[in-house]
Amino acid sequence: RKREGKNGAQVYDPAILDRTRERAEIESDIEAALASHWFEAHFQQIVEIETGRIIGFEALMRMRHPRKGLLPPAAVIGVAEETGSIGQIGEQIFEDAIANLARVSRLPGLGDTYVAVNFSPLQFDGHLATYLAGVLNRYDIRPSRLVVEITEAVLMHDNPEIRRILDSIHQLGCRIAIDDFGTGYSSLSYMSRFPVDIVKIDQSFIRSLDGSRKEVAEKSRMLVEGISAISHKMKCAVIAEGVETEDQRNFLREIGVDCAQGYLYAKPLGIADLMTTLSRSNDE
Ligand code: C2E
Ligand code: CA
Ligand code: CA
Ligand code: CA
């Protein structure tokens, strides 16, 4: 491999040189992380608004770097999608998520909770459903306890192959959630063309519900209410993302949004902290 600094004329611009170095560093961090299992799935609660009950968790990728500490997905995913390592990372996160769900399940009252895992478009190949089934089986987790979270990037090309893969995941018994709903070009049309079970309303809408600009807040309330109503008509459950305040929660409850996820309830936690928090709240 070429050593840094020997790249010659095209990297005279110090900004470009910085970016090249930074990128090379991320790539080598990813390689090390895959080899040494630095990737881990953190869990954030998803709560039924009406009852306050935890119904599931979203698994969120973290890289536990021995020197740099805990790195968020933003630092990793772009590069991983370019180099293709997102496939392997995704498998480590998925398997860690299912292993963690198995542990959480042993706590009283949490035996039916699900885990929602984010999948990159690059993970959608013809073997995905078989692979998922194998891992679920290995940990003795029913397929209905897995939610596959996809973004518009997966659905955008209206590819019949993607449809078949989603159908086979659905037939396995897993549910499918559309993430960041409302931020894309044609969120509504995906709801009718793909087997979607859950709509996750993007946090940007939730944030502006009680924002300082009155007209914006008013319009956001109408949008969230509308998205929720349409989703329910399409037999989809609705989750509001990024819920941070009581006012947001109260509004969401009023208009009948099913579930909420956000700092108001809990931040994403590593498995050790999660187990402590959950056992403590079980004792109360
Ligand atoms: P996302 O799927 O929309 O996940 C929600 C993000 O919002 C998470 O950021 C979460 O920590 C954050 N969040 C949760 N509640 C609140 C809140 O109340 N307020 C605010 N401001 N933020 C909140 P995170 O963990 O940094 O993940 C960022 C994105 O990275 C995710 O967005 C998802 O698109 C992607 N990602 C995370 N894990 C994976 C993974 O395993 N695979 C893939 N392909 N993508 C992942
Ligand atoms: Ca997500
Ligand atoms: Ca989201
Ligand atoms: Ca997002």
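Whatever order the structure lists ligands and atoms in, that order sets their numbers, starting from 1. Both backbone and side-chain heavy atoms feed into the values below; hydrogens, waters and symmetry mates do not.
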Inter- and intrachain pairs under salt bridge (Lys or Arg N to Asp or Glu O under 4.0 Å), touching residues 110-120, at least two apart = Asp112-Arg142

ask   = Between Asp258 and Val238, is there a donor-acceptor pair closer than 3.5 Å when you use the side chain of the first and the backbone of the second?
value = yes

request  = For Gln44, counting its heavy atoms only, list the atoms of ligand 1 lying under 4.0 Å from any of them.
outcome  = 14 (C), 15 (N)

query = For ligand 1, which part of Pro73 has a heavy atom less than 4.0 Å away: the side chain, the backbone, both, or neither?
reply = side chain

task = Give yes or no for whether the N/O distance cutoff of 3.5 Å, strictly under, is met between Glu244 and ligand 1.
result = yes

task = Name all pairs fulfilling the ring pair (Phe, Tyr, Trp, His ring centres under 6.0 Å) condition that reach into residues 63-84, sequence neighbours left out, sorted by first residue then second.
result = Trp38-His65

key: Those atoms of ligand 1 less than 4.0 Å from some heavy atom in Glu58   = 2 (O), 4 (O)

query = Does the ring centre of Tyr190 sit less than 6.0 Å away from the ring centre of Phe181?
reply = no

query = Glu241 near ligand 1, heavy-atom distance under 4.0 Å?
reply = yes

request  = May I ask you to identify, for Ile89, whether its side chain, its backbone, both or neither come under 4.0 Å of ligand 1 on a heavy-atom basis?
outcome  = neither

query = Less than 4.0 Å between a side-chain N and a carboxylate O, is that true for Asp197 and Lys235?
reply = no

task = Give a yes or no answer on whether the side chain of Ser85 reaches the backbone of Glu81 with a donor-acceptor pair at less than 3.5 Å.
result = no

key: ligand 1 contact on His42 by region, counting heavy-atom pairs under 4.0 Å   = neither

inquiry  = I'd like the name of whichever of Ile150, Ile77, Val243 reaches closest to atom 46 (C) of ligand 1 through any heavy atom.
reply    = Ile77

Gln261, any N or O under 3.5 Å of ligand 1 N or O = no

ask   = Gly262 heavy atoms, cut-off 4.0 Å: which ligand 1 atoms fall inside?
value = 15 (N), 18 (O)

task = Tell me, please, which residues at least two apart from Ser168 pass side-chain hydrogen bond (donor to acceptor under 3.5 Å, both in side chains).
result = none

note = Output for pair (Asp202 CG, Glu241 CD), nearest 0.5 Å, gives 6.0 Å

key: Under 3.0 Å from the Ca ion (ligand 2) - protein N/O/S, by chain and number   = Glu58 OE2, Asn118 OD1, Glu149 OE1, Asp179 OD2

request  = Answer side chain, backbone, both or neither: which part of Arg62 comes under 4.0 Å from ligand 1, heavy atoms only.
outcome  = side chain

inquiry  = Any heavy atom of Lys200 closer to ligand 1 than 4.0 angstrom?
reply    = no

request  = Hey, could you give me the CD1/OH distance between Ile98 and Tyr139, rounded to the nearest 0.5 Å?
outcome  = 9.0 Å

request  = Look up atom CD in Gln248 and atom CZ in Arg253, then write down how far apart they are to the nearest 0.5 Å.
outcome  = 13.5 Å

query = Could an N or O of ligand 1 be found under 3.5 Å from any N or O of Asn118, whether backbone or side chain?
reply = yes

query = Under 3.5 Å, side chain of Asp125 to main-chain N/O of Leu128, donor-acceptor pair present?
reply = yes

Test: Glu218 and Lys214 ion pair at under 4.0 Å = no

inquiry  = Strictly distance-based, threshold 3.5 Å: is any side-chain N or O of Arg64 a donor or acceptor partner for the main-chain N or O of Phe39?
reply    = no

query = Got a donor-acceptor contact below 3.5 angstrom from the Ser36 side chain to the Ala32 backbone?
reply = yes

query = Just by distance, do the side chain of Gln92 and the backbone of Leu34 share a donor-acceptor pair under 3.5 Å?
reply = yes

key: Residue-ligand contact Ala74/ligand 1, heavy atom below 4.0 Å   = no

ask   = With backbone taken as N, CA, C and O and side chain as the heavy atoms from C-beta onward, which portion of Asp179 lies under 4.0 Å from ligand 1: side chain, backbone, both, or neither?
value = side chain

message = Only heavy atoms of Asp180, strictly under 4.0 Å: list the atoms of ligand 1 that pass.
response = 3 (O)

ask   = When you measure from atom 7 (O) of ligand 1 to each heavy atom in Gln248, Gln203, Glu149, which option holds the nearest one?
value = Gln203

note = Taking only non-hydrogen atoms of Pro268 and a 4.0 Å limit, the atoms of ligand 1 in range are 11 (O)

message = Measuring from non-hydrogen atoms of Gly242 to any atom of ligand 1, is the shortest distance under 4.0 Å?
response = yes

